[in-house]
Amino acid sequence: MLDIKSLRENPEAAKTKWASRGLDVDVEALLAKDVRRREIITELEQLQHTRKASSKEIGMKKKAGEDATEAMAAVRAIGDQISALEKEKAEVNEALDLELLSLPNFPHDSVPVGHSEADNPVIRTWGQPVEMDFEPKAHWELAEALGIFEFERAAAISGAGFSCLTGAAARLSRGLISFMLDLHITEHGYTEVQVPLLVNDDAMTGTGQLPKFAEELYRVPEDNLWLIPTAEVPVTNLYRDHIFDADDLPMSLTAHTPCFRREAGAAGKMTRGMNRLHQFDKVEMVKFVKPADSYAELEKLTGHAEAVLQKLGLHYRVITLCTGDVGFSSAKTYDIELWAPGQQAWLEVSSCSNFEDFQARRAKIRYRNEQGKPVMVHTLNGSGVALPRLLVAILEQGQQADGSIVIPEVLRPYMGGMEKIG
RNA sequence: GGAGAGAUGGCUGAGUGGUCUAAGGCACCUGAUUGCUAAUCAGGCGUACGAAAUUUUCGUACCGGGGGUUCAAAUCCCCCUCUCUCCGCCA
């Protein structure tokens, strides 16, 4: 959510920022509601002031044994006015909030202007495609031959878009989770947390999934809960309504969770094999930082995700999402993409974003600054990294002519010393 | 799932309809004082929003959340959430 005050002060700048996302926003209508809202508040406060004073007088009169019938009637009339105004205030607030909650963040000035993912610039590439003197296979072919992915069995119990890892793949997945968490907590300064996978409306609103993206979420109506689409939701909301001391920041948290996504409308897009699933595992990194530090922290965070891939020896590239492609809540996002030689495609495995104070304002996450005043923190998060496509890259980049898979060295301790699959 | 008890500021804890403008204590900040890891004294010490001023002042709201009764609600009533105790069930 954006600050209504900043819109009030500079409506033209806001229009321009939203226009760069391809959005035409009627800022004037929004501000008109804000003006009415403040009028109501002023009027209401005056009435409340009168009622408060008069009620006190009535109390004193009664105590003194005087008659207060007339004053009581007068205050009752004020009470009616107050009720009416409060109703209008609630309506205006609700309308204004809904609009504000539905408007995306402003892209940062350093974000390249563009219309779609075609305009996202590649800012660096690490490693090389592995030289293969044979035709590389897609991971689903490799895995089928090795008997380590069982999609049909998963489909039989849950439908399309679910996976079942068997044997070495399951162990590899578990090893990767441990490897990534260990790396982040021992070398990157994160604290590991285990969090709920089912969360309430407030949590989903805090990080921006609601009210706009309900159709992407699985829900449990009996209990009014939602399945998390990413650990970002419970981890960021750990500090909802919290005021940090300045010394607490930056705070860096990492968590492994499954993620649940309906992927409504994504049918047909790269859905083969492990590329896109309704349920997948992910290690997530979340940071709460002082506003002045947030862009430096975004670079560090992205570096932490890259470190995972570098230690695994995987060829990847980093791109900046342009204004037309950057996510709803984000001010700036780097995507990290792994090369999948069997599909001749780049697969997104990590998305590292600075939300500035957009989530913090929704979730009321603040810190006490040097003057002792509470101000919004900046929140960041990034995948560090997502499992299925990481497995895809390990399989496709590590494949040998005989169909076996070489296990990256750093993972072998997690695999009981195993050097290859197959 | 059943029964009971509770939820008040950063923490602790009083307050059962009317100067509550929420006591007291702890912690913290500022100053004074005392010759020493500190004590004592005085003062300060929440959040949000609005108005005026321009860095201060005034006002309103906030005692788990929501609604109600009343001239007036931390206080009375209803619903919800959470915590604790006991019982049941259970990995």
Side-chain angles (χ1 to χ4, degrees), chain A residues 1-9 30-101 194-206 210 219-226 234 237-249 251 258 288 357 359-377:
Chain A
M1 177 159 56
L2 290 151
D3 188 5
I4 187 76
K5 283 181 200 157
S6 72
L7 296 184
R8 217 184 281 159
E9 281 160 20
L30 209 61
L31 289 177
K33 283 202 184 77
D34 177 52
V35 168
R36 179 62 193 142
R37 187 184 128 260
R38 285 182 292 152
E39 283 171 1
I40 293 170
I41 288 171
T42 305
E43 203 176 328
L44 195 58
E45 288 185 351
Q46 282 164 358
L47 288 170
Q48 284 170 327
H49 179 61
T50 310
R51 175 169 72 175
K52 206 172 167 181
S54 303
S55 292
K56 202 171 272 182
E57 277 173 36
I58 292 169
M60 287 158 88
K61 270 189 186 170
K62 285 198 154 185
K63 204 169 260 178
E66 294 170 35
D67 177 62
T69 318
E70 212 171 294
M72 279 162 65
V75 177
R76 188 196 297 263
I78 292 172
D80 291 343
Q81 278 179 274
I82 288 175
S83 302
L85 267 182
E86 272 176 347
K87 194 170 165 233
E88 192 188 347
K89 182 181 155 191
E91 285 165 4
V92 172
N93 268 343
E94 197 180 332
L96 195 58
D97 278 353
L98 187 64
E99 283 188 49
L100 282 174
L101 287 171
Q194 274 193 19
V195 290
L197 308 180
L198 292 160
V199 302
N200 60 26
D201 285 6
D202 286 343
M204 284 296 186
T205 305
L210 292 179
R219 58 187 290 245
V220 184
E222 291 81 359
D223 297 290
N224 234 332
L225 293 168
W226 306 83
N237 278 287
L238 284 177
Y239 291 100
R240 178 149 43 109
D241 290 322
H242 184 68
I243 302 178
F244 286 105
D245 289 332
D247 299 345
D248 298 335
L249 306 179
M251 173 162 288
F288 303 94
D357 62 8
Q359 290 181 330
R361 183 167 298 108
R362 288 173 163 241
K364 295 194 181 63
I365 305 172
R366 293 170 288 176
Y367 83 105
R368 236 168 252 288
N369 68 10
E370 288 66 22
Q371 289 76 44
K373 291 284 159 228
V375 294
M376 299 298 167
V377 301

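Numbers restart at 1 for each chain; the letters A, B, ... are given by sequence-line order, proteins then strands. Predicted, not measured: the structure shown is a model, and the values here were computed from it.
- Nucleotide B:rC11 holds its P atom 11 Å from the NE2 atom of A:His242, rounded to whole Å.
- Among the atoms of the strands shown, none is found under 4.0 Å from any heavy atom of A:Arg36.
- Under the Watson-Crick and G-U wobble criteria, each requiring two contacts below 3.5 Å, nucleotide B:rU21 is left unpaired.
- With a cut-off of 3.5 Å on both Watson-Crick or G-U wobble distances, the partner of B:rG43 is given as B:rC29.
- Nucleotide B:rA48 holds its P atom 16 Å from the CG atom of A:Asp97, rounded to whole Å.
- Checking B:rU54 for Watson-Crick or G-U wobble geometry (two distances, each under 3.5 Å) identifies no partner in any strand.
- With rounding to the nearest 0.5 Å, the separation of CD1 in A:Ile243 from NZ in A:Lys373 is 11.0 Å.
- Here the separation of B:rA74 from B:rC62, taken at their C1' atoms, is 11 Å to the nearest Å.
- Put simply, the residue from A:Asn93, A:Val92, A:Leu85 that forms a side-chain contact (heavy atoms from CB on, under 4.5 Å) with A:Lys89 is A:Asn93.
- Rounding to the nearest 0.5 angstrom, the gap separating the OG1 atom in A:Thr42 from the CZ atom in A:Arg37 is 10.0 Å.
- Comparing B:rG31 with B:rC45, their C1' atoms are spaced 14 Å from each other, to the whole Å.
- Nearest heavy-atom pair across A:Val199 and A:Pro234 is CG1-CB, 4.3 Å.
- With both pairing distances under 3.5 Å, B:rU83 is matched to B:rA5 as a Watson-Crick or G-U wobble pair.
- On the C1' atoms, B:rC63 is 13 Å away from B:rA14, given to the nearest whole Å.
- The residues A:Asp34 and A:Arg38 are annotated as salt-bridged, a charged nitrogen and a carboxylate oxygen being separated by less than 4.0 angstrom.
- A gap of 28 Å separates the P atoms of B:rU16 and B:rU85, to the nearest Å.
- Nucleotides B:rG9 and B:rG4 place their C1' atoms 29 Å apart, quoted to the nearest Å.
- Ring orientation note: the planes of A:Phe288 and A:Tyr239 are nearly perpendicular, at an angle over 60° on the 30°/60° scale.
- Each of A:Glu57 and A:Arg8 was assigned the nucleotide of RNA chain B with the nearest heavy atom; the assignment lying further toward the 5' end belongs to A:Glu57.
- A 3.5 Å limit on both hydrogen-bonding distances identifies no Watson-Crick or G-U partner for B:rU69.
- Going from the C1' atom of B:rA5 to that of B:rC89 covers 23 Å, rounded to whole Å.
- Put simply, CG on A:Leu47 is 15 Å from C1' on B:rA51, counting in whole angstrom units.
- B:rU60: Watson-Crick or G-U partner is B:rA48, with both key distances under 3.5 Å.
- As rounded to the nearest Å, B:rA73 and B:rU8 have C1' atoms that lie 14 Å from one another.
- Taking atom CZ of A:Arg38 as the reference point, atom P of B:rA48 lies 18 Å away to the nearest angstrom.
- Spacing of C1' atoms, B:rA61 relative to B:rG2, comes out at 39 Å, to the nearest Å.
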Pair A:Trp226-A:Asn200, side chain to side chain donor-acceptor pair (under 3.5 Å): steps then yes or no: CA-CA 6 Å; A:Trp226 306 83; A:Asn200 60 26; over 6 Å; no
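- The side chain of A:Arg366 places an N or O atom within less than 4.0 Å of a non-bridging phosphate oxygen (OP1 or OP2) of B:rA48.
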Listing, residues 49-59 of chain A side-chain donor-acceptor contacts under 3.5 Å, not counting sequence neighbours, or none:
from, atom 1, to, atom 2, distance (Å)
A:Thr50, OG1, A:Gln46, O, 3.0
A:Ser54, OG, A:Thr50, O, 2.9
A:Ser55, OG, A:Arg51, O, 2.9

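- Two residues, A:Thr42 and A:Arg368, neighbour RNA chain B, and the one matched to the more 5' nucleotide by heavy-atom proximity is A:Arg368.
- Taking atom CG on A:Asp241 and atom P on B:rG9, their separation rounds to 14 Å, with Å as the unit.
- For the OP1/OP2 pair of B:rG50 and a distance below 4.0 Å, the side-chain nitrogens and oxygens of A:Arg37 include at least one atom meeting the criterion.
- The distance between atom OH of A:Tyr367 and atom P of B:rG46, rounded to the nearest whole Å, is 19 Å.
- One atom, CD1 of A:Ile243, and another, C1' of B:rC11, lie 15 Å apart when rounded to the nearest Å.
- A:Lys61 NZ to A:Met72 CE: the interatomic distance, rounded to the nearest 0.5 Å, is 11.0 Å.
- The distance from atom NZ of A:Lys33 to atom C1' of B:rG50 is 20 Å, rounded to the nearest whole Å.
- A 3.5 Å limit on both hydrogen-bonding distances identifies no Watson-Crick or G-U partner for B:rA74.
- Under the Watson-Crick or G-U wobble criterion, with both distances below 3.5 Å, B:rA14 is left unpaired in every strand shown.
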Protein proximity profile, nucleotides 56-75 of chain B - base contact B, sugar-phosphate-only contact S, no contact -, cut-off 4.0 Å on heavy atoms: ---BBS---------BS---
